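Below is one structure, written out as structure tokens, with a few remarks after it.
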Amino acid sequence: MPLISIITPAYNAGKVIDRAVDAIVPQMDADAEWIIVDDGSTDGSGAYLDEISAVHPRIRIIHTPNRGAGAARNTGIHEAHGEWIAFLDADDYFTDTAIADIRTLIAAPGAEGVDIFYLPKTMTDMEGADARVVQPESPIKDGLPELEFWSSLYRTEYLKRADIRFPEYREQDVETAFRMLAFNRTNRIRTQHTPAFLVHRDNPNSNVHTWDPERLLYTKACVYAELLTALHGAPKSVRRNICGIMYSCIDRYLLLAIRNGLALPDRHIRTREVRKLGRRFFFHSGTWSTWAKKGLYAPLAMMSILAGVRDR
């Protein structure tokens, strides 16, 4: 059994994944496997990934229909054989000593009692210039770590046992939901300030930069509503934080939808669903800030009704 499973979702990634391959392949040994989930690519990169796998047997390629990055990562979690999971997007890469550094980390005294190592992140542009390291905060406030999920290392048994998964929305996986689930279903978390093992490249062509704001806000509102249900036993501060984020998304969605016009059928449906979420959680406990957002929700919901989007 390998110690480390690296999970990468890949959609039309043929032009960007070579940097990751060049960094990881020289380090790979019996301690590591790399699972690349080809998420229904249409640019021929699926065949290219198969060629890479044929040369490097520690790389496994799984081909799936296009369902989004969240579903692809969930497939990787299900298929992982390693004791620990690291996530790597196709346009990012590992440092030259990443696997050795991870091996040292998980062999350290007390590591057997850890489910998540919360680690620094290294940020750079696509050319590898302007690199900077960002350290994790401690303590984590209101259940949401500031650094993205890929800066951490996760025990595979924990993710599977606690059913920690990414939301499966094609538009965007809203990875903050994964962070909140992972960091609020265990207290076996160790914050480390050792060098980051992953380098994140700011790719101007990634979906982070091409989201439709209205659809994204709708998706986020749905995801945070699901989180409130999933984390029903979490501390009040965590649930209030989730509730506040959800109402921010609801308010901003309604503002955009009203401004853009409510004639489109899809917008009608989404607006009804968003209003339903707003009503469902209106009396959920919150901070003064949360109640202010709820106060804004009420007139915005009424404006959308007056504009013609009525409940059936």
Side-chain angles (χ1 to χ4, degrees), residues 68 70 137 139-149 166-184 206-312:
E137 80 284 10
I140 296 167
K141 184 180 179 182
D142 296 333
L144 177 59
E146 292 179 0
L147 303 192
E148 292 83 348
F149 71 97
F166 289 86
E168 296 189 3
Y169 289 84
R170 189 185 303 272
E171 293 87 355
Q172 175 47 235
D173 53 284
V174 193
E175 59 85 15
T176 50
F178 178 87
R179 274 187 273 167
M180 295 205 81
L181 284 173
F183 279 74
N184 286 283
S206 72
N207 66 347
V208 171
H209 300 283
T210 57
W211 297 332
D212 173 71
E214 188 179 314
R215 290 185 67 85
L216 176 61
L217 289 167
Y218 165 76
T219 300
K220 282 187 171 183
C222 294
V223 167
Y224 286 111
E226 293 170 3
L227 266 179
L228 277 174
T229 301
L231 292 176
H232 59 87
K236 285 185 177 180
S237 61
V238 173
R239 291 175 56 78
R240 287 171 178 168
N241 187 26
I242 297 170
C243 192
I245 297 171
M246 183 186 70
Y247 273 94
S248 289
C249 295
I250 289 173
D251 292 348
R252 291 165 62 197
Y253 169 82
L254 289 172
L255 279 168
L256 271 179
I258 293 167
R259 187 183 69 184
N260 293 339
L262 295 165
L264 295 177
D266 284 352
R267 190 171 289 143
H268 260 64
I269 294 170
R270 291 197 300 266
T271 300
R272 288 192 187 100
E273 290 299 315
V274 164
R275 281 209 312 257
K276 187 185 298 182
L277 291 178
R279 292 195 303 269
R280 177 183 170 190
F281 294 99
F282 194 82
F283 293 104
H284 188 282
S285 64
T287 62
W288 286 110
S289 174
T290 306
W291 280 108
K293 295 168 185 174
K294 292 179 180 179
L296 182 58
Y297 156 77
L300 288 172
M302 182 58 66
M303 287 173 64
S304 70
I305 292 172
L306 294 174
V309 181
R310 301 184 183 278
D311 293 325
R312 291 178 179 175

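Please read these numbers as outputs of a predicted model, since none were measured by experiment. All values below were derived from every heavy atom in this structure, side-chain atoms included, with hydrogens, water molecules and symmetry-related copies excluded.
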Partners meeting side chain to side chain contact (heavy atoms under 4.5 Å, CB included) with Ser248 (sequence neighbours left out): Lys293

Residues in side chain to side chain contact (heavy atoms under 4.5 Å, CB included) contact with Asp142, at least two apart in sequence or another chain: Ser237, Asn241

From CA spacing to verdict: side chain to side chain contact (heavy atoms under 4.5 Å, CB included), Thr271, Tyr218: CA-CA 8 Å; Thr271 300; Tyr218 165 76; over 6 Å; no

Non-neighbouring partners of Phe281 that pass ring-ring contact (aromatic ring centres under 6.0 Å, His included), sequence neighbours left out: none

Those residues that, when tested against Arg239, pass side-chain hydrogen bond (donor to acceptor under 3.5 Å, both in side chains) (two or more places apart): His284

Over all atoms of both residues, closest heavy-atom pair of Leu256 and Pro213: CD1-CB, 4.0 Å

Shortest non-hydrogen contact between Val274 and Ile250, atoms and distance: CG1-CG2, 3.5 Å

Derivation and outcome, side chain to side chain contact (heavy atoms under 4.5 Å, CB included), residues Leu306 and Met302: CA-CA 6 Å; Leu306 294 174; Met302 182 58 66; 4.2 Å; yes

Lys294 vs Phe283, side chain to side chain contact (heavy atoms under 4.5 Å, CB included): CA-CA, chis, key distance, verdict: CA-CA 9 Å; Lys294 292 179 180 179; Phe283 293 104; 6.0 Å; no

From Ser304 atom OG to Leu255 atom CG, the distance as rounded to the nearest 0.5 Å: 10.5 Å

Separation of Leu296 CG from Leu254 CG (nearest 0.5 Å): 8.5 Å

Arg270: salt bridge (charged side-chain N to carboxylate O under 4.0 Å, His left out) partners, not counting sequence neighbours: Glu214

Considering all heavy atoms, the nearest Cys249-Lys220 contact: SG-CB, 3.6 Å

Atom pair OH (Tyr247) and CH2 (Trp291), whose distance is rounded to the nearest 0.5 Å: 8.0 Å

Atom of Cys243, atom of Thr290 and distance for their closest heavy-atom approach: SG-CG2, 4.1 Å

Main-chain N/O of Glu137 paired to Glu146 side chain as donor or acceptor, under 3.5 Å: no

Closest heavy-atom pair and its distance - Leu300, Ile258: O-CD1, 3.6 Å

Residues 223-235 side chain polar contacts: donor-acceptor under 3.5 Å, at least two apart:
| unit_1 | atom_1 | unit_2 | atom_2 | d |
| --- | --- | --- | --- | --- |
| Tyr224 | OH | Thr176 | OG1 | 2.5 |
| Glu226 | OE2 | Tyr169 | OH | 2.8 |
| Thr229 | OG1 | Arg280 | NH2 | 3.3 |

CZ on Arg179 to CD on Glu175, rounded to 0.5 Å: 4.0 Å

Aromatic ring pairing Phe178/Phe166, orientation class (parallel under 30°, perpendicular over 60°, tilted between): parallel

Tyr253/Arg267 under side chain to side chain contact (heavy atoms under 4.5 Å, CB included): CA gap, chis, key distance, verdict: CA-CA 10 Å; Tyr253 169 82; Arg267 190 171 289 143; 3.8 Å; yes

